[in-house]
*Asks:* 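Structure below; questions to follow.
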Amino acid sequence: MRRREHLNPGQRPLTGGVRMKLGMIGLGRMGANMAQRLLRGGHAVVGFDPRAEARAALQEQGAETADSLAALLAKLAPPRVLWLMVPAGEITDTTLEALLPLLQVGDTLVDGGNSRYLDSQRRAATFVEHGIEYVDCGTSGGVWGLAEGYSLMIGGAEAAVERLRPLFECLAPAPGRGWGRVGPVGAGHFAKMIHNGIEYGLMQAYAEGFSILHHKQEFDLDLQQLAEIWSHGSVVHSWLLELTAKALAEHPDMHDIAPYVADSGEGRWTVDEAIALGVPAPVITHALIARLRSRDAESFADRLLAALRNQFGGHEVRKG
């Protein structure tokens, strides 16, 4: 797979030489990698995660860590910046509830997870009442973000976002590319939600197309070769197609991959929003349904369909 153009944050100067210190809450794959990218860019990071092994791994990269939220805040000088990279939903709410009594006027919270935008708006209203800035940052980049940079869709007050500019410029693929304030609080996570809905549709289209190629056995097509060919000059070229080529090189027949596709919520929320706005979104909706269908190994619906064909037409029913 071709490497995309990127700048190494450890080799480029920070804008204006500004260095910041922040607390990173949640040191999973995304949080730990983002902390490392910030460290390489010259920023100071104090990390917290309930797992001791996650804290130890970040310490090896040169960061400070803390074994509690209170200890984390004690290592930061006000006004403090806290960046949350924890799973959306109840865990985010629980973490924020624990943080609220520990924060001071002027502190800033950044939710970089995949929270639903309505939740971000609700949470922001609570923290603003206490004089605490709330920024929602839709973050895309996955496991490649450490090396390539992250796409950041940011919602929040203009002044708050501007204060955090050095962090966004360091995390993005380049200081002036791949990030931006897209609107008030909630807009960042709304944009990321739609981004992920589009991603569902793109992935489903690639999966279906390559499945058709796979089933045309008379041509004995090399799917990885085709993915590589299409990655140069084709109108269907994309980074996802490059990753398709990589996946096919590692798993040519997909025999070792279970046909089970999870979803983390953004596709469902995108479809909900499309319905609420009266906007037709059949591709994204179908892609979501396909994921749900992949998990029904004992499909009652398919069994009933077979039984109905037998009832009205006497068609053969295979015994399962």
*Asks:* Set out, in order, the CA-CA distance, both residues' side-chain angles and the distance that settles side chain to side chain donor-acceptor pair (under 3.5 Å) for Gln224 and His251, then state yes or no.
*Replies:* CA-CA 10 Å; Gln224 194 268 340; His251 311 277; over 6 Å; no
*Asks:* Can you confirm whether Pro173 sits close enough to Tyr150 that some side-chain heavy atom of one is under 4.5 Å from a side-chain heavy atom of the other?
*Replies:* no
*Asks:* Could you tell me which residues satisfy ring-ring contact (aromatic ring centres under 6.0 Å, His included) with Trp230, sequence neighbours excluded, listed by chain and number?
*Replies:*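 Applying ring-ring contact (aromatic ring centres under 6.0 Å, His included) to Trp230 gives Phe210.
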*Asks:* Do NZ/NE/NH1/NH2 and the carboxylate oxygens of Arg303 and Glu298 come within less than 4.0 Å?
*Replies:*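 Judged by the 4.0 Å cut-off on N to carboxylate O distance, Arg303 and Glu298 do form a salt bridge.
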*Asks:* Same cluster for Val235 and Leu213 if Ile/Leu/Val/Met/Phe/Trp/Tyr side chains link at under 4.5 Å?
*Replies:*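 They do share one cluster, since a chain of ILVMFWY contacts under 4.5 Å joins Val235 to Leu213.
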*Asks:* For Glu316 and Arg309: C-alpha separation, side-chain torsions, deciding distance, then whether salt bridge (charged side-chain N to carboxylate O under 4.0 Å, His left out) applies.
*Replies:* CA-CA 8 Å; Glu316 177 186 0; Arg309 291 186 77 247; over 6 Å; no
*Asks:* Whether the side chain of Arg29 engages the backbone of Gly142 through a donor-acceptor N/O pair (distance < 3.5 Å, no angle test) should be reported.
*Replies:*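 Answer holds: no.
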*Asks:* Give every donor-acceptor pair under 3.5 Å between a side-chain atom in residues 55-62 and any protein atom, sequence neighbours left out.
*Replies:*
unit_1 : atom_1 : unit_2 : atom_2 : d
Arg55  : NH1    : Asp49  : O      : 2.7
Gln59  : NE2    : Thr65  : OG1    : 3.4

*Asks:* Between CD of Gln311 and CG of Leu304, what distance do you get to the nearest 0.5 Å?
*Replies:*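 Reported value, rounded in 0.5 Å steps: 9.5 Å.
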*Asks:* Is a donor on one side and an acceptor on the other found under 3.5 Å between the side chain of His189 and the backbone of Asp111?
*Replies:* yes
*Asks:* So which heavy atom on Met85 is nearest to which on Gly113, and how close?
*Replies:*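 Closest heavy-atom pair between Met85 and Gly113: SD-N, 4.0 Å.
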*Asks:* Considering non-hydrogen atoms only, spot the tightest contact between Ser115 and Trp269 and give its length.
*Replies:*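 So the minimum-distance heavy-atom pair works out to C-CZ3, 3.8 Å.
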*Asks:* Salt bridge or not for Asp119 and Arg122, using N-O below 4.0 Å?
*Replies:* yes
*Asks:* To the nearest 0.5 Å, tell me how far Leu241 CG sits from Met203 CE.
*Replies:*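 Going from CG on Leu241 over to CE on Met203, the span is 12.5 Å.
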*Asks:* For His43, is there any backbone N or O sitting under 3.5 Å from a side-chain donor or acceptor partner on Arg19?
*Replies:*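 Answer holds: no.
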*Asks:* Under 3.5 Å, side chain of Thr285 to main-chain N/O of Ala281, donor-acceptor pair present?
*Replies:* yes
*Asks:* For the backbone of Thr108 and the side chain of Arg80, can you confirm whether one donor and one acceptor N or O come within less than 3.5 Å of each other?
*Replies:*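 Such a contact is absent between Arg80 side chain and Thr108 backbone.
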*Asks:* Mind listing the closest non-hydrogen atom pair of Glu97 and Pro101 along with its distance?
*Replies:* O-CD, 3.3 Å
*Asks:* Pair Leu167, Leu22 - check side-chain contact (heavy atoms from CB on, under 4.5 Å), show working.
*Replies:* CA-CA 9 Å; Leu167 301 178; Leu22 77 156; 4.2 Å; yes
*Asks:* Charged N to carboxylate O under 4.0 angstrom, Asp136 versus Arg123?
*Replies:* no
*Asks:* Where do Trp83 and Leu171 land on the side-chain contact (heavy atoms from CB on, under 4.5 Å) test, with the steps shown first?
*Replies:* CA-CA 12 Å; Trp83 194 302; Leu171 288 168; 3.5 Å; yes
*Asks:* Is it possible for you to say whether Phe48 and Val45 belong to one hydrophobic cluster, with membership spreading through side-chain heavy-atom contacts below 4.5 Å?
*Replies:* no
*Asks:* side-chain contact (heavy atoms from CB on, under 4.5 Å) for Leu99 and Leu84? Distances and angles first, verdict last.
*Replies:* CA-CA 11 Å; Leu99 280 170; Leu84 276 69; 4.1 Å; yes
*Asks:* Cationic tip of Arg291 within the cone over Tyr200's six-membered ring, i.e. under 6.0 Å and within 45° of the normal?
*Replies:* yes
*Asks:* Tell me if a side-chain donor or acceptor on Thr139 pairs with a main-chain N or O of Cys137 at a distance below 3.5 Å.
*Replies:*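 Checked: pair present.
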*Asks:* Using side-chain heavy atoms (C-beta onward) and a distance below 4.5 Å, is Gln104 in contact with Pro79?
*Replies:* no
*Asks:* Thinking salt bridges, do Arg116 and Asp272 make one under a 4.0 Å N-O criterion?
*Replies:* yes
*Asks:* One thing to verify: whether Glu64 and Lys21 come together as a salt bridge, which I'm taking to mean a side-chain N less than 4.0 angstrom from a carboxylate O.
*Replies:* yes
*Asks:* How about Glu242 and His237: does a side-chain donor come under 3.5 Å of a side-chain acceptor?
*Replies:*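 Indeed, the side chains of Glu242 and His237 share at least one donor-acceptor pair under 3.5 Å.
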*Asks:* Looking at Arg51 and Asp67, does any basic side-chain N land under 4.0 Å from a carboxylate oxygen?
*Replies:* no
*Asks:* Taking side-chain contact (heavy atoms from CB on, under 4.5 Å) as the criterion, tell me which of Leu221, Leu248, Leu223 meets it with His214.
*Replies:* Leu223
*Asks:* Does CD in Gln217 sit with more than 12 non-hydrogen atoms of other residues, nucleotides or ligands closer than 6.0 Å?
*Replies:*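 Result for CD/Gln217: open.
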*Asks:* Do Val135 and Met153 share a hydrophobic cluster (ILVMFWY, side-chain heavy atoms under 4.5 Å, transitive)?
*Replies:*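 No, it is not one cluster - the side chains of Val135 and Met153 are not joined through contacts under 4.5 Å.
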*Asks:* Nearest 0.5 Å, please: how far is OG1 in Thr270 from CD1 in Ile194?
*Replies:* 4.0 Å
*Asks:* For side-chain contact (heavy atoms from CB on, under 4.5 Å), just list the numbers for Asp107 and Leu82, CA-CA rounded to whole Å, side-chain angles, deciding distance to a tenth of an Å, and then say yes or no.
*Replies:* CA-CA 8 Å; Asp107 289 343; Leu82 299 170; 6.0 Å; no
*Asks:* Check side-chain hydrogen bond (donor to acceptor under 3.5 Å, both in side chains) between Asn114 and all other residues, then give those that pass, not counting sequence neighbours.
*Replies:* Lys192, Glu266
*Asks:* With a 4.5 Å cut-off on side-chain heavy atoms, are Leu103 and His130 touching?
*Replies:*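 Counting from C-beta outward, His130 and Leu103 never come under 4.5 Å.
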*Asks:* Mind listing the closest non-hydrogen atom pair of Pro175 and Glu169 along with its distance?
*Replies:*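 It is O-CG, 3.5 Å.
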*Asks:* Other residues, nucleotides and ligands only: do more than 12 of their heavy atoms fall within 6.0 Å of CZ on Arg295?
*Replies:* yes
*Asks:* Can you name the closest pair of heavy atoms from Ala32 and Leu27 and give their distance?
*Replies:*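 That closest heavy-atom pairing would be CB-O, 3.7 Å.
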*Asks:* Are any side-chain N or O atoms of Asn33 and backbone N or O atoms of Met30, one a donor and one an acceptor, separated by less than 3.5 Å?
*Replies:*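 It does not hold such a pair.
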*Asks:* Which heavy atom of Gly186 sits nearest a heavy atom of Gln121, and at what distance?
*Replies:*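 That would be CA-CG, 4.0 Å.
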*Asks:* Let me confirm one number: the CE-CD distance from Met24 to Gln36, rounded to the nearest 0.5 Å.
*Replies:* 10.5 Å
*Asks:* How long is the straight-line distance from OG1 of Thr126 back to CG of Asp93, given to the nearest 0.5 Å?
*Replies:* 9.0 Å
*Asks:* So does Glu199 get a backbone contact from the side chain of Asn196, meaning a donor-acceptor N/O pair under 3.5 Å?
*Replies:*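 Checking the backbone N and O of Glu199 against the side chain of Asn196, no donor-acceptor pair under 3.5 Å is found.
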*Asks:* Strictly by modelled atom types, are Ser120 and Tyr134 linked by a side-chain donor-acceptor pair under 3.5 Å?
*Replies:* no
*Asks:* Within the structure provided, determine whether Tyr117 and Glu273 are in side-chain contact (heavy-atom separation under 4.5 Å).
*Replies:* yes
*Asks:* Are the side chains of Val105 and Glu133 in contact, using a 4.5 Å heavy-atom criterion?
*Replies:*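 Counting from C-beta outward, Glu133 and Val105 never come under 4.5 Å.
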*Asks:* Same cluster or not: are Met20 and Met34 linked, directly or through other Ile, Leu, Val, Met, Phe, Trp or Tyr residues, by side-chain heavy atoms under 4.5 angstrom apart?
*Replies:*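 Yes, same cluster.
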*Asks:* Would you say Val81 and Arg163 make side-chain contact, with heavy atoms under 4.5 Å?
*Replies:*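 Heavy-atom side-chain distance check fails, nothing below 4.5 Å.
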*Asks:* According to a 4.5 Å side-chain heavy-atom criterion applied to Ile, Leu, Val, Met, Phe, Trp and Tyr, with indirect links allowed, do Leu69 and Ile132 form part of one hydrophobic cluster?
*Replies:* yes
*Asks:* Rounded to the nearest 0.5 Å, what separation is found between the OG atom of Ser299 and the CZ atom of Arg293?
*Replies:*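 Reported to 0.5 Å precision, the distance equals 4.5 Å.
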